[in-house]
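Since the structure comes first, as structure tokens, the remarks are kept for the end.
The chains referred to below are lettered A, B, ... by the order of the sequence lines, with proteins before strands, and numbering in each begins at 1. The structure presented is a predicted model; accordingly, all values stated were derived computationally and were not measured.
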Protein chains: 2
Amino acid sequence: MTARRPMTQRMIAERVGVSITTVSRVLNDRETEPGRWASSETVAAIMAAAREGGYRRNPHAASLRTSRSDLVGVLVPRLQDFVLATIYEGIDEAAAERGISTFVTNSLDRPELQRTRTQSMLDRRVDGLIFGDAHLDDPFLDEIAAQDVPFVLTSRRAGDHVAVTCDDLAGGRLVAEHLLSLGRRDVAILAGLPFASTGRERTQGLVDAFRAAGVEVPERRIVRNGFDATAGREAAERIFAEPPYPDAVFATNDFAAIGAMGVLRDKGLRIPDDVALVGYNDTPLAESITISLTTIRSPMHTMGRRALETLLDMLAGRTVASERLTPELVVRGSTVGR
Amino acid sequence: MTARRPMTQRMIAERVGVSITTVSRVLNDRETEPGRWASSETVAAIMAAAREGGYRRNPHAASLRTSRSDLVGVLVPRLQDFVLATIYEGIDEAAAERGISTFVTNSLDRPELQRTRTQSMLDRRVDGLIFGDAHLDDPFLDEIAAQDVPFVLTSRRAGDHVAVTCDDLAGGRLVAEHLLSLGRRDVAILAGLPFASTGRERTQGLVDAFRAAGVEVPERRIVRNGFDATAGREAAERIFAEPPYPDAVFATNDFAAIGAMGVLRDKGLRIPDDVALVGYNDTPLAESITISLTTIRSPMHTMGRRALETLLDMLAGRTVASERLTPELVVRGSTVGR
DNA sequence: TGGCGCCGCACAAACGATTACGTCAATCGT
DNA sequence: ACGATTGACGTAATCGTTTGTGCGGCGCCA
């Protein structure tokens, strides 16, 4: 039933008998000041015509004129990763509420992809960017900051760039306190990717807290090897290659923890009796698996929402600051048997 | 270093001393016929100027003129779902290779969201849509087909709409043959959501194959309850509420299988000795968990790629047909102990 | 040598919306 | 009673590309 060629402001203007200027004004200030620019009858007539004709503003035309696209680009390491998918859901939800759209894409944590994908987003004239794949050791972000491209980081921090993250140091500390309270003193850490602030700070948080309690975590107990199940399994295999075994394992990601679980099982080690296991992020799986997983709950969805809101504040010229959301310990069967 | 206002074709034209027409033609037919419209010196000069100035065509202006956006919209039930995230990765990868961009968003399988989200994509003037959230019982797709909006389905089929899916009937059949070969005759099915063709056809495939072998699967052995771990756990609890227990469980999704695993464990049932367990999709987790999961491998990534390619064919006016990719059985510890 | 068909370009009109300026009443304050 | 303000619009330029049409000049064939 919709006309093949969509209705334009010009068509509304002709229908109502006013100029296209007036139509534009009324339609745009609809929410704020409906009668600021036209008499109430004119406003009503325009709205009626728009509704009947099924008018939809052409965003390309508007963007061309205003050079604002209401588009934001999002880069994540990988959408398959539950954590990043959830963060993105938060971003997209908050964006949709405000009538703005988002592009997501994977960088696979590969620097050249980060660059090319970012470039395509800029080519699409996004108003700003959200990076979920910041690397601690790459000057990339500094470069694009130098080009005055507005962006915020999420999930991972880097440098002094504005970032909405979870307080990973605190998360590591929570794990440490829990394990220490259980009398575990020899902990191994599946530290994740070395260039990700998440893995690094979660590790640091635990190590610091252990040290404060008088326990040193030796370097050979820390394996840096990725966040997914396969990486977790490999890391655990390395740690449990030969005795003495640790009495606790802290995986900086639930999936890595699940990977490690298989190794413990193969070694005939009981969880939590022989080895306590702690994950991170409180994935739904953590609760559902055979031995439910003690983990840290991080507000991933909220993190995404806040990241988007922060970017929008930035775009509106308001001054913004980094934000660290608070993690929470969730104790389950993998550290305290039932 | 980039100028605050990006370089335009006009600027190139002035630099080189030709008309903006020529610039446009040269830049667009760059790949196909570089010298179709201008002499080789002119072409070289234009390319040089464009490169030096860091020219990037303004897609809004181009879309406004051509009323083609090189944008496609993708609707999925939920990006958190590993399966859909993977399919989307395939879509986005194939799209990126062709210089086209995609919008994804969640519909959460809620009809009103399907409608509003689709509308926002159309408002953004996407050239076409890919639905990963088709419902068998909703006229929605027929409605938008009636509006001549180009789209293809993926993951799930519905009606006669063009769809790129996996052959779920065949998948169910593979599971049936495997279980029958192991002598299992009393199978329970975690059938997933009732309005999703995936769950429905996987179930149907198994039931048909069992019937062909002379075994009837009673209705009470089929629980329709969602695809995630929680849903799988609930369904399994229902099935194992009281004896007699089945000697096999077919979960139409790996995550549901993992949820079911916990229930079996709680009941003190051994896998696979007492109950054989089969999942679907061959999620990386299937291999990593304590008891590795027998499952059906479905080419999710390829499915996404093909869906995008099919949509592009459709947009190019070529005739397209539905496609069913071939699933594959992966036997692991949850059906044959080591 | 007249005519035809390139080649290599340029002109100018869109595409749909936004917005800096006008304009022309009617109203108001003093 | 008269300049100033306000209300309600309209004019026209502009954003950056694409594309149908036009136009000299040159080579070529009959």
Please tabulate the protein-to-nucleotide N/O contacts below 3.5 Å involving nucleotides 12-15 of chain C, giving atom names and distances.
residue	atom	partner	partner atom	Å
C/dA12	N6	B/Thr21	OG1	3.1
C/dC15	O2	B/Arg65	N	3.4

Send over the distance from B/Asp123 CG to C/dA17 C1', rounded to a whole Å. 15 Å
Please report the C-alpha distance between B/Asp138 and B/Arg115 in whole Å, then the side-chain angles of each, then the deciding distance to 0.1 Å, and finally whether the salt bridge (Lys or Arg N to Asp or Glu O under 4.0 Å) criterion is met. CA-CA 11 Å; B/Asp138 192 311; B/Arg115 283 154 213 267; 2.8 Å; yes
With sequence neighbours excluded, residues passing side chain to side chain donor-acceptor pair (under 3.5 Å) with B/Thr86: A/Gln80
Residues forming a ring-ring contact (aromatic ring centres under 6.0 Å, His included) with B/Phe131, sequence neighbours excluded: B/Phe140, B/Phe151
Between C1' of D/dG7 and CD of A/Glu41, the distance in whole Å: 12 Å
Could I get the full list of side chain to side chain donor-acceptor pair (under 3.5 Å) partners for A/Asp142, not counting sequence neighbours? A/His161
Categorize A/Val23 for me: base, sugar-phosphate, or nothing, with a 4.0 angstrom heavy-atom threshold over every strand shown. nothing
Could you state the atom-to-atom distance from CG of A/Leu27 to C1' of C/dT19 in whole Å? 15 Å
Residues passing the side chain to side chain donor-acceptor pair (under 3.5 Å) test with B/Asp127, sequence neighbours excluded, are B/Ser69
Given atom CZ of A/Arg124 and atom P of D/dG16, what is their separation to the nearest angstrom? 17 Å
Does B/Thr42 reach a base, just sugar-phosphate, or nothing at all? Heavy atoms under 4.0 Å. sugar-phosphate
Quick one: do B/Asp70 and B/Arg68 make a salt bridge, cutoff under 4.0 Å? yes
Is there a donor on the side chain of A/Arg25 or the base of D/dG7 sitting less than 3.5 Å from an acceptor on the other? no
Test side chain to side chain donor-acceptor pair (under 3.5 Å) applied to B/Asp109 - qualifying residues, sequence neighbours left out: B/His135, B/Arg156
Per nearest nucleotide of DNA chain D, the residue lying toward the 5' end, A/Thr22 or B/Arg56, is A/Thr22
C/dA17 P sits how many Å from A/Arg68 CZ, rounded? 16 Å
So which one's nearest nucleotide on DNA chain C is more toward 5', B/Ser19 or B/Arg125? B/Ser19
Could you give the CD1-to-P distance, from A/Ile12 to C/dA17, as a whole number of Å? 8 Å
Nucleotide D/dC15, atom C1' - distance to CZ of A/Arg57 in whole Å: 14 Å
Integer-rounded Å distance: C/dA17 P and A/His60 NE2: 12 Å
